[in-house]
Undergrad: 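One structure, pasted below without further comment.
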Amino acid sequence: MTTTTLDKNKELIEKINYLRRKKNAIILAHYYQRGEIQDIADIVGDSLELARKAQQTDADIIVFAGVRFMAETAKILNPEKKVLHPNPESGCPMADMATYEALKRMKKEHPDAVVVAYINTNADVKTLADIIVTSRNAVKVVKSLDAKKIIFVPDKFLGSYIAKQVPEKEFILWEGFCPPHFNLTAEQLLELKKKYPNSKIAVHPECNTTAIEVADFVGSTSQIIQFATTCEADTVIIGTEVGLKHQLEKINPNKNYVFPETADYCGVVHCCDMKKNTLDKILDVLENETNEITLPQEVIEKAKIPLERMTQIV
Ligand code: 13P
Ligand code: SF4
């Protein structure tokens, strides 16, 4: 970052700090956010940690620096709060791959199946789910269900990963996937493993199945951080979005974290949507209380049921 950018950020951060104190606001940020946003957040976490924090906070305003489904989840879990989303353009392409009408049709075709929805779904889709999961708790939650037949929506790779761990159940997988993680291949990971033979490979379960198969560790963003910063290897090959680098280097700077080059336009696993939030936009929503997440009451009430079922299990 240039000195001018640093000065500008310093000024923005001072204003943000003043306003968040004055308005009793909390800033929640996902690990894929820009480094400067992670640095000012009250909590940085994976989807489950952020959902829990949103549920428990006594702040009056939640500024959610993440993609839209995350901000919606905060609103559903704590509807009395004002939830502000710095950039309403920040959506999740995978969440948009599952629509309400299409899932309704699938449910009709399989009336005996239980619908397990990844938290990466839009609020209306959550209203059709029996239970929600995140990458951190998916296997545990699915194992705890009585049902024999599961519709898993929308991530087919996370779904396949769960299905392998829970072979006693039948899975009907939605054809969705995360475009940034999809670009990462097993070959790219193995190429790096050749270069760093004593390294470990840690990947997110949104990666495609072949990449997951060559990993030493599979977990949520927080779990990857925990593994990578504490495992015995000096070099860890990281198969997830590059925003994680910031936190890894902050927590344990003595290790080498290698993010594989991919066919993505920016050369690594990179989520453009996550990067649409900026310090300027955070200041703007705090100042003007704009971009408030609003959802129909019926959607909040219905989507809350499967979300709370999840938070009661884990
Ligand atoms: P977690 O942070 O829960 O691992 O999820 C990552 C993700 O999909 C963000 O889009
Ligand atoms: Fe969606 Fe993938 Fe971006 Fe996460 S990383 S917000 S799943 S597109």
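These numbers come from a predicted model, not from an experiment. Both counts, for ligands and for their atoms, begin at 1 and track the order of listing.
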Undergrad: Considering the heavy atoms of S220, write down every atom of ligand 1 situated less than 4.0 Å from one of them.
TA: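 In order of number, 4 (O).
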Undergrad: Heavy atom under 4.0 Å from ligand 1: found in Y31's side chain, backbone, both, or neither?
TA: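 The answer is neither; Y31 stays 4.0 Å or more away.
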Undergrad: Give a yes/no verdict on whether any heavy atom in M94 is under 4.0 Å from an atom of ligand 1.
TA: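 It does not; every heavy atom stays at 4.0 Å or beyond.
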Undergrad: May I ask you to test the V116-V141 pair for a side-chain heavy-atom distance under 4.5 Å?
TA: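 A side-chain contact is absent here, since even the closest heavy-atom pair is not under 4.5 Å.
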Undergrad: Answer with yes or no whether T134 contacts ligand 1, where contact means a heavy atom under 4.0 Å from a ligand atom.
TA: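 No, T134 has no heavy atoms under 4.0 Å from ligand 1.
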Undergrad: Keeping the roles fixed (side chain from K82, backbone from D60), state whether a donor-acceptor pair exists under 3.5 Å.
TA: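 Checked: no pair found.
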Undergrad: Give the residue and atom name of whichever protein heavy atom lies nearest to atom 3 (O) of ligand 1, and the separation in Å to one decimal.
TA: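 Heavy-atom neighbour on the protein nearest atom 3 (O) of ligand 1: S47 OG, 2.8 Å.
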Undergrad: Under a 4.0 angstrom heavy-atom cut-off, which atoms of ligand 1 come close to M70?
TA: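 So the atoms of ligand 1 that pass are 9 (C).
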Undergrad: Looking at ligand 1, does M274 have a heavy atom less than 4.0 Å from it?
TA: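 Contact present.
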Undergrad: Hey, is E49 close enough to R52 for a salt bridge, meaning N to O under 4.0 Å?
TA: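 Here E49 does not pair with R52 in a salt bridge, since their nearest N and O are not under 4.0 Å apart.
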Undergrad: Assess H30 for proximity to ligand 1: is some non-hydrogen atom of it under 4.0 Å away?
TA: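 Yes, that is the case, since the closest heavy atom of the residue is under 4.0 Å from the ligand.
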Undergrad: Counting heavy atoms only, which part of N120 comes closer than 4.0 Å to ligand 2: side chain, backbone, both or neither?
TA: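 It is the side chain that touches ligand 2; the backbone stays farther off.
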Undergrad: When the ring planes of H204 and H181 are compared, do they come out parallel, tilted or perpendicular, using 30° and 60° as the limits?
TA: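 Taking H181 first and then H204, their aromatic rings sit tilted (interplane angle of 30° to 60°).
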Undergrad: Out of curiosity, K75 NZ to E292 CD, how far, rounded to the nearest 0.5 Å?
TA: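 Between atom NZ of K75 and atom CD of E292 there are 5.5 Å.
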Undergrad: Between the side chains of K53 and D42, is the shortest nitrogen-to-carboxylate-oxygen separation below 4.0 Å, so that they form an ion pair?
TA: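 Judged by the 4.0 Å cut-off on N to carboxylate O distance, D42 and K53 do not form a salt bridge.
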Undergrad: Short N/O distance, under 3.5 Å, between S135 and ligand 1?
TA: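 Between S135 and ligand 1, an N or O pair is found under 3.5 Å apart.
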Undergrad: Kindly determine whether V258 and T235 satisfy side chain to side chain contact (heavy atoms under 4.5 Å, CB included), including the steps that lead there.
TA: CA-CA 7 Å; V258 185; T235 296; 3.7 Å; yes
Undergrad: Between E232 and K200, does any side-chain N to carboxylate O distance fall below 4.0 Å?
TA: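 Salt bridge: yes.
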Undergrad: Under 4.0 Å between a side-chain nitrogen and a carboxylate oxygen: does that hold for K250 and D39?
TA: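 D39 and K250: salt-bridged.
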Undergrad: So with a 6.0 Å cut-off around CD of E11, is the heavy-atom count from everything else above 12?
TA: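 No.
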Undergrad: Of the protein's non-hydrogen atoms, which lies at the shortest distance from atom 10 (O) of ligand 1, and what is that distance?
TA: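 Closest protein heavy atom to atom 10 (O) of ligand 1: N120 ND2, 3.5 Å.
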Undergrad: Would you call the rings of F227 and F217 parallel, tilted or perpendicular if under 30° counts as parallel and over 60° as perpendicular?
TA: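 Parallel, since the angle between the ring planes stays under 30°.
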Undergrad: Sort by chain and number the protein N/O/S atoms found under 2.8 Å from atom 3 (Fe) of ligand 2.
TA: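 Sorted hits: C271 SG.
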Undergrad: Which residue and atom name correspond to the protein heavy atom nearest atom 6 (C) of ligand 1, and how close is it?
TA: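 Here the nearest protein heavy atom works out to H204 NE2, 3.4 Å.
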Undergrad: Non-hydrogen atoms of E206 versus ligand 1: any pair closer than 4.0 Å?
TA: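 The answer is yes, since E206 has a heavy atom less than 4.0 Å from ligand 1.
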Undergrad: Same cluster or not: V139 versus V153, using hydrophobic residues (I, L, V, M, F, W, Y) connected whenever any side-chain heavy atoms lie under 4.5 Å apart?
TA: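 No: no chain of side-chain contacts under 4.5 Å links V139 to V153.
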